[in-house]
There are 4 protein chains.
Amino acid sequence: MAKPKSNQKREQIFQAGLKLFAENGYTKTTIKDIAQEAGVSFGTVFTYYENKAALFRTCVTAPLREFKNHMHDAREEMPSMTLTTLKNLVKQHISFFMEREHYLRVIQYVIGQPERFSEIEALDEFADEFRHFIQDIMRTGMDKGFLPKSDPEEVSYGYLAFLMGMRLSFTDQAKAHQTSAFKNQALRLFGIQEVLQ
Amino acid sequence: MAKPKSNQKREQIFQAGLKLFAENGYTKTTIKDIAQEAGVSFGTVFTYYENKAALFRTCVTAPLREFKNHMHDAREEMPSMTLTTLKNLVKQHISFFMEREHYLRVIQYVIGQPERFSEIEALDEFADEFRHFIQDIMRTGMDKGFLPKSDPEEVSYGYLAFLMGMRLSFTDQAKAHQTSAFKNQALRLFGIQEVLQ
Amino acid sequence: MAKPKSNQKREQIFQAGLKLFAENGYTKTTIKDIAQEAGVSFGTVFTYYENKAALFRTCVTAPLREFKNHMHDAREEMPSMTLTTLKNLVKQHISFFMEREHYLRVIQYVIGQPERFSEIEALDEFADEFRHFIQDIMRTGMDKGFLPKSDPEEVSYGYLAFLMGMRLSFTDQAKAHQTSAFKNQALRLFGIQEVLQ
Amino acid sequence: MAKPKSNQKREQIFQAGLKLFAENGYTKTTIKDIAQEAGVSFGTVFTYYENKAALFRTCVTAPLREFKNHMHDAREEMPSMTLTTLKNLVKQHISFFMEREHYLRVIQYVIGQPERFSEIEALDEFADEFRHFIQDIMRTGMDKGFLPKSDPEEVSYGYLAFLMGMRLSFTDQAKAHQTSAFKNQALRLFGIQEVLQ
DNA sequence: AATGAATGAGTGTTCATTCAT
DNA sequence: AATGAATGAACACTCATTCAT
């Protein structure tokens, strides 16, 4: 089954799935719920996605592309990286992880049940790529002298852990915009101490 | 719930529930699975827990007590805290979060679906208590001079985020014992730079 | 409930429910049994009725409408009532109560367990309406002189009791067609003595 | 299993069963409920009654003995029967049927589901005996001249129908004591017209 | 392409019964 | 005699999937 059909409905269903899988997990989310949220009829979901598992797979893997593009772009500009560039990068990461709430939840849902979902493989591969990306940044920063000596692997693990954990360290929406607080902490992981006034 | 019954079976069922809820989530885990894992018959699960939700609630909230005890003990010894004590504390935290894999997964599962599970309240309260605990440590350390000036609230959020995220930053068991790498990163969040040889 | 769906299946399920609830009571009757009796699949029952209780409610209350129509029609012709008309009416009532065996059983089942089934309210209301109907007939008959003086309320209670009890006063089908015997007795409740040859 | 055991507990369980079977039917009534109502422990019910069905059978059949004794006694005094004696008898019957609410409900429950409960046989036999009893009274009364000519079989059917139906002709407890109204109606079935003042 | 009625496997839960204490 | 923990068959109900329209 090719996918000429309406790309708009396809997207509506995707967004509905992302939201509901994030909020209720895989099993609790029903096709009926997704159809309703997407504003399409029950059977239409099956017109665009072969089955529930296929829709879930799409929700988990499709958004990765965007972040991969980000890494690709950032790599190209790495030779001219400065401390300021790094700070901006960290800020971008934090914003990305804080804003894509639905997507991040789905990711963590899958990582939390690795034996259950085969999608874990795509996420593993992505995490690996991201850590290597960070390690390259670390080496660049240490070479250029704007980062203190650290073990790049340690930092890459710690930084990813931190990004993944941010959204789990509080639950009330009120705190959701404290990006700057997290930014200072993230920079410390790179060995950068902000000066307190 | 001071039922006479067999506390051993109660515990078996609890452990089975903890494991399976962690691995498969709430809905995917069936009572039949839990009974099998616990080595009891189907109906026996209902002899010890009113229903599936009650067993889940127990799995989420009961283990909190142990960590609350830890915080209580650590508070009593806070007046005599040194940098070494703090390092040990951090090491304990990392070990705790890395070793209680099943429990941590369940926690993150609930935090990831806060609208769905009312157990989130107990976790919110606990997170609050933990952050205050860290903030008090920060103040003590800054007073005594073995911690650099930082915003205690920022650090407490960052540190909890880091602990919560550790287990989500990799998925292969092989990496699960890199406690020391994480320890260095955690100390950086407190403003402590280890000297690299 | 103006669902499009197939009204034929809806009716099949209704009839199956009426029969089985009558024969086995509410709890003993299973949805599986009803589906089988109706010649539909298990899940289809739930396509037409929200749940077992809703189907039961329909079985108890829907048939009342027909008898209410009967009373409405009879009221319109009450001004021209004669002894012969009354005799015909009584005969109709007896036939109705003797022929709708399934329905009458369900009614009596509910009346026998009034605390258990909320449907009792609709039946209460109906019984009230029926007794008032009989009382109006009594008054008409006494005014016109073809009924002897009696307490209309007493008669209405006695007559309803008699109608309800007919089907309970024997159990073998053989006796089920003795309509005429019951008719004579019913007329006596109105104060009419048939002359024995 | 003989039944030396405690007759008091046996009776408590019997009464509890009678009440709950009457109120909720057979399937809805649980052994646990009965034990609770009887004030004994769960397992004790099985000490006195082999199983649920055996207890139910006892509830249905045991009380018949009392009414059979009544008929036996009344038969002995039949030769000296007068209109006044008959009126008293009718009054007794009405009182009996109105007062033994739990028992009557259970009876009607069984009669309503004759294919389901084998106890129906004992009830059939009893109804037969009762109708013959009434027929003998009719003949005595007609012989002695205090009853008008009627078909004894018709009257016996009608009278039993009336007695069985009384409790089904209203549902509110308020009306439960209108014994006298029913008495007048019952006498009409025997062909006796009370004179209205 | 879009729909939703039909299906039945699979779920949580109840409860009569057994039996060791 | 009295108890209640253990068991698993049986139930109401949900929901992914199919398919005729």
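Every chain is numbered from 1 and lettered A, B, ... according to where its sequence line falls, protein lines coming before strand lines.
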Terminal axes of the helix from E/dA2-F/dT21 to E/dT21-F/dA2 (5 end pairs apiece), angle rounded to 10 degrees, sit apart by 0°

One should read off an interatomic distance between A/Lys52 NZ and A/Tyr26 OH, to the nearest 0.5 angstrom, of 5.0 Å

Ring centre gap for B/Tyr48 and B/Phe14 strictly below 6.0 Å: no

Hey, does the Lys NZ or Arg CZ of B/Arg105 hover above the aromatic six-ring of B/Phe21, less than 6.0 Å from the centre and inside 45° of the axis?
-> no

Looking only at F/dT3, F/dA5, E/dA1, the nucleotide nearest the B/Thr47 side chain is F/dA5

d(C/Glu101 CD, C/Arg167 CZ) to nearest 0.5 Å is 4.0 Å

So, is C/Lys9 near the phosphate of E/dA6, with a side-chain N or O under 4.0 Å from OP1 or OP2?
yes

Between CD of B/Gln8 and P of F/dA5 the distance, given in whole Å, is 16 Å

note: C/Gln36, atom CD; F/dA10, atom P; distance rounded to Å ~ 15 Å

Students often mix this up, so state it plainly: with edges at 30° and 60°, are the rings of D/Phe56 and D/Tyr109 parallel, tilted or perpendicular? perpendicular

Taking atom types as modelled, find out whether B/Ser41 and B/Thr44 have a side-chain donor-acceptor pair closer than 3.5 angstrom.
yes

Distance col, row B/Glu115:CD vs A/Asn24:CG, nearest 0.5 angstrom, shows 7.5 Å

Per-nt protein contacts along nucleotides 12-21 of chain E (heavy atom under 4.0 Å; B base, S backbone sugar-phosphate only, - none) come out as SBBSSBB---

C/Phe56 atom CZ is separated from F/dA12 atom C1', nearest whole Å, by 16 Å

Exercise. For A/Tyr48 and E/dA2, is the shortest distance between a side-chain N/O and OP1 or OP2 below 4.0 Å?
Worked result: yes

So CG of C/Leu123 and CD1 of C/Ile107: to nearest 0.5 Å the spacing works out to 4.5 Å

Considering only heavy side-chain atoms of A/Thr44, the closest of E/dT3, F/dT7, F/dT3 is E/dT3

